[in-house]
**Student:** 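Sending over a structure as structure tokens; questions will come in a sec.
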Amino acid sequence: MESAVSIRSLYRHFLSGITEKSLNAFYYACSCAKADYSRFMNVTAGMALKPVPDGLQSQPVFLCIDDTMVAKSGTKFENVSKLFDHASHNGANCLNGHCFVSVMLCVPVWNKSKIRCLSIPPGYRMWEKTESKLELAASMVRQAMPAFSEKKNVIILCDSWYVKKNLVSIVDEYENLDIIGNARSDSVIYDLPPQRTGKRGRPASHGKKLSIHDDFTLSEEKIGDCYIAVRHVLTNIFGKRKVLAYVTSPEKGSGSRRLFFSTVFPEQLQIFCVWQEKSPLNQTGSSRMLFIPLMLYAFRWNIEVSYYEQKVFWSLCSYMVRSRKGIEMLVNLINIAYCAMKLLPYQDESFAKYRAESAQEFRFALSEQIRQQIFYVMFVEKVETNIKSNAIINAIKQMVHKQGYYL
């Protein structure tokens with residue numbers, strides 16, 4: 001129902017018209033009720049998998065991991081503190097507020113003859129300084145994984161903050177789980193161990209130490225927006241597990257280079273790129289199949305889009321409840337409304353025309369219909385007498401029936 005700057009505002013303009021519950025009941029529901037909002041994630045993840053058509057069931061799904069800051073001017077909120085934010089626009093690199101860790105589920109759906117990713121955020125968790133963001137993100141992935149037990153490939157996408165042993169070790173816990181992530185450019189990487197010589201002594205556990213500037217040969221032409229080099233490596237982050245290391249650069253000669261790791265190998269993903277909606281994935285030929293895992297990293301941007309939409313259009317930052325439990329409950333309820341708007345066009349064919357529209361456009365159209373129905377019902381209830389109202393009621397019923405609704 002448009003923006004909800006607070007529970008009080010939502011109650012005043014909407015909830016009070018459809019329920020006899022008091023305002024305090026809704027505050028109690030957020031802060032004191034025993035509802036387990038952590039289960040919202042499992043339910044949302046399960047519902048997000050249902051729109052995947054049968055022909056795409058074998059395709060990978062993605063779990064994007066990131067965190068976002070919410071600035072609060074007050075000091076009465078539980079767990080509010082000074083936080084470092086590299087993206088802040090207040091003239092400093094810190095803000096007063098909360099940090100939320102979240103995961104974004106991207107599942108494949110058809111868009112005409114192309115595959116597009118439907119992005120659904122299963123849930124949010126507030127970060128407390130007693131627990132690292134890596135451990136919090138890992139616990140959220142573990143909670144969501146039971147919903148993906150029948151999926152062949154589940155791929156975590158994350159930036160360099162999360163490509164650390166505390167999180168990446170989770171891929172060893174599930175056979176169908178992999179990770180593609182940006183890493184620090186100074187991460188220590190090694191060549192694969194040399195072949196056994198048959199001589200006595202302990203064999204080498206890895207080859208020579210590699211440099212992203214000297215030991216990676218960039219492609220002859222740009223692939224997408226940059227030149228790319230790739231090779232199999234070992235790194236302390238992944239232990240003894242062999243991974244692909246990608247190095248990218250916007251210029252062929254001198255210039256900054258970025259490093260990415262992938263536990264996914266191209267042979268697992270070849271079919272996925274045949275019907276891709278976005279280039280350069282849909283332009284990938286057999287000579288470029290080795291670069292597919294790195295191209296999939298672009299789907300991580302979907303979580304940034306979700307943060308923007310929920311903060312600007314869904315009042316994610318406007319909460320006024322003070323307790324940690326109340327804040328998490330309200331933020332996750334807002335998130336459920338956002339997910340519902342994205343999933344409903346795929347669950348009900350009568351709303352199929354909104355699949356290509358934003359969640360904001362669909363919400364506006366749906367809220368108009370809800371307002372009309374509430375107005376009709378309340379109008380009929382408050383008509384003074386049956387004698388005066390028969391003609392009006394009949395006229396309203398005809399209008400409602402034409403719109404496909406019933407009183």
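Throughout, residue positions are numbered sequentially from 1 according to the sequence presented.
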**Student:** So how far is it from D66 CG to L157 CG, rounded to the nearest 0.5 Å?
**Tutor:** 11.0 Å
**Student:** Do C158 and I179 touch side chain to side chain, with heavy atoms closer than 4.5 Å?
**Tutor:** yes
**Student:** Looking only at non-hydrogen atoms, find the nearest pair between Q143 and R39 and report the distance.
**Tutor:** NE2-N, 4.0 Å
**Student:** Are the side chains of L118 and L343 in contact, using a 4.5 Å heavy-atom criterion?
**Tutor:** yes
**Student:** Do you know which two heavy atoms are closest between V233 and A245, and how far apart they sit?
**Tutor:** CG2-CB, 3.5 Å
**Student:** So S119 and K342, side-chain contact (heavy atoms from CB on, under 4.5 Å) or not? Walk me through it.
**Tutor:** CA-CA 8 Å; S119 303; K342 303 198 76 171; 4.2 Å; yes
**Student:** Using a cut-off of 6.0 Å, state whether more than 12 heavy atoms not belonging to K311 lie near its atom NZ.
**Tutor:** yes
**Student:** Taking all atoms of both residues into account, what is the closest heavy-atom pair of L259 and S185, and its distance?
**Tutor:** CB-CA, 4.4 Å
**Student:** Holding to ring pair (Phe, Tyr, Trp, His ring centres under 6.0 Å), I want the full list of residues that pass it with F26, two or more places apart in sequence or in another chain.
**Tutor:** Y11
**Student:** Could you go through the side chain to side chain donor-acceptor pair (under 3.5 Å) check for S262 and Y297 one step at a time?
**Tutor:** CA-CA 10 Å; S262 172; Y297 182 76; over 6 Å; no
**Student:** Should we say atom CG of D225 is surrounded by more than 12 heavy atoms from elsewhere, each under 6.0 Å from it?
**Tutor:** no
**Student:** If you define the side chain from C-beta out and look only at heavy atoms, does anything of Q57 sit under 4.5 Å from K151?
**Tutor:** yes
**Student:** For L366 and F351: C-alpha separation, side-chain torsions, deciding distance, then whether side-chain contact (heavy atoms from CB on, under 4.5 Å) applies.
**Tutor:** CA-CA 10 Å; L366 198 62; F351 299 111; 4.0 Å; yes
**Student:** Is a side-chain N or O of R257 found less than 3.5 angstrom from the main chain of I212, in a donor-acceptor match?
**Tutor:** yes
**Student:** Heavy-atom count around Y308 OH within 6.0 Å, excluding the residue itself: above 12?
**Tutor:** no
**Student:** Keeping S323 on the side-chain end and G326 on the backbone end, is there a donor-acceptor pair under 3.5 Å?
**Tutor:** yes
**Student:** Can you tell which of R324, M126, R322 makes a side chain to side chain contact (heavy atoms under 4.5 Å, CB included) with E78?
**Tutor:** R324
**Student:** Quick one: sort the Y307 and Y124 rings into parallel, tilted or perpendicular, breaks at 30° and 60°.
**Tutor:** tilted
**Student:** If every non-hydrogen atom of W314 is compared with every non-hydrogen atom of R363, which pair is closest and at what distance?
**Tutor:** CH2-CD, 3.5 Å
**Student:** When rounded to the nearest 0.5 angstrom, what distance separates CD in E304 from CG in D159?
**Tutor:** 8.0 Å
**Student:** Taking the side chain as everything from C-beta on, heavy atoms only, tell me whether I303 gets closer than 4.5 Å to F62.
**Tutor:** no
**Student:** Look up atom CE in M320 and atom OG in S315, then write down how far apart they are to the nearest 0.5 Å.
**Tutor:** 12.5 Å
**Student:** With a 4.5 Å heavy-atom cut-off, do Y174 and R142 have their side chains touching?
**Tutor:** yes
**Student:** Could you report the tightest heavy-atom contact between G97 and L83, atom names first, then the distance?
**Tutor:** O-CD1, 3.5 Å
**Student:** Only one of K209, K208, R231 clears salt bridge (Lys or Arg N to Asp or Glu O under 4.0 Å) with D191; which?
**Tutor:** R231
**Student:** For R241, is the CZ atom crowded, meaning more than 12 foreign heavy atoms sit under 6.0 Å from it?
**Tutor:** yes
**Student:** Check whether any side-chain heavy atom of F364 sits under 4.5 Å from a side-chain heavy atom of M341, and report yes or no.
**Tutor:** no
**Student:** Is there a donor-acceptor pair closer than 3.5 Å between any side-chain N or O of N335 and the backbone N or O of P121?
**Tutor:** yes
**Student:** In Å, rounded to the nearest 0.5 Å, how long is the span from CD1 of I155 to CD1 of I180?
**Tutor:** 4.5 Å
**Student:** Using side-chain contact (heavy atoms from CB on, under 4.5 Å), reason through R258 and C226 one step at a time and then give a plain yes or no.
**Tutor:** CA-CA 10 Å; R258 301 178 67 191; C226 57; over 6 Å; no
**Student:** Hey, is the main chain of L344 close enough, under 3.5 Å, to the side chain of D348 for a donor-acceptor pair?
**Tutor:** no
**Student:** CG/D178 to CD1/I170 distance, rounded to the nearest 0.5 angstrom?
**Tutor:** 12.0 Å
**Student:** Can you tell me which residue among W127, Y162, W161 is in a side chain to side chain donor-acceptor pair (under 3.5 Å) with D67?
**Tutor:** Y162
**Student:** Short question: side chain of T19, backbone of L15 - any donor-acceptor pair under 3.5 Å?
**Tutor:** no
**Student:** In Å, rounded to the nearest 0.5 Å, how long is the span from CE of M329 to CZ of F40?
**Tutor:** 5.0 Å
**Student:** Answer yes or no: is there an ion pair linking E349 with R355, defined by an N-O contact shorter than 4.0 Å?
**Tutor:** yes
**Student:** Can you confirm whether K72 sits close enough to Y319 that some side-chain heavy atom of one is under 4.5 Å from a side-chain heavy atom of the other?
**Tutor:** yes
**Student:** Starting from the C-alpha separation in whole Å, work towards a yes-or-no answer on side-chain contact (heavy atoms from CB on, under 4.5 Å) for V264 and L244.
**Tutor:** CA-CA 8 Å; V264 185; L244 285 175; over 6 Å; no
**Student:** Is it true that the side chains of N24 and S22 contain a donor and an acceptor less than 3.5 Å apart?
**Tutor:** no
**Student:** Should the heavy atoms of other residues, nucleotides or ligands under 6.0 Å from NZ of K252 be counted, would the total exceed 12?
**Tutor:** yes
**Student:** If we ignore hydrogens and angles and just use 3.5 Å, is the side chain of N42 paired with the main-chain N or O of A147 as donor and acceptor?
**Tutor:** no
**Student:** What pair of heavy atoms forms the shortest contact from A183 to V163, and how long is it?
**Tutor:** CB-CG1, 4.3 Å
**Student:** Would you say the side chain of K133 lies within less than 4.5 Å of the side chain of C99, judging by non-hydrogen atoms?
**Tutor:** yes
**Student:** Check this for me, if you would: do K240 and D172 make a salt bridge, where the nitrogen-to-carboxylate-oxygen distance has to be below 4.0 angstrom?
**Tutor:** no
**Student:** Checking the side chain of T44 only, and the main-chain atoms of M41 only, is there a donor and an acceptor separated by less than 3.5 Å?
**Tutor:** no
**Student:** When you measure from the side chain of S219 to the backbone N and O of I228, does any donor-acceptor pair fall under 3.5 Å?
**Tutor:** yes
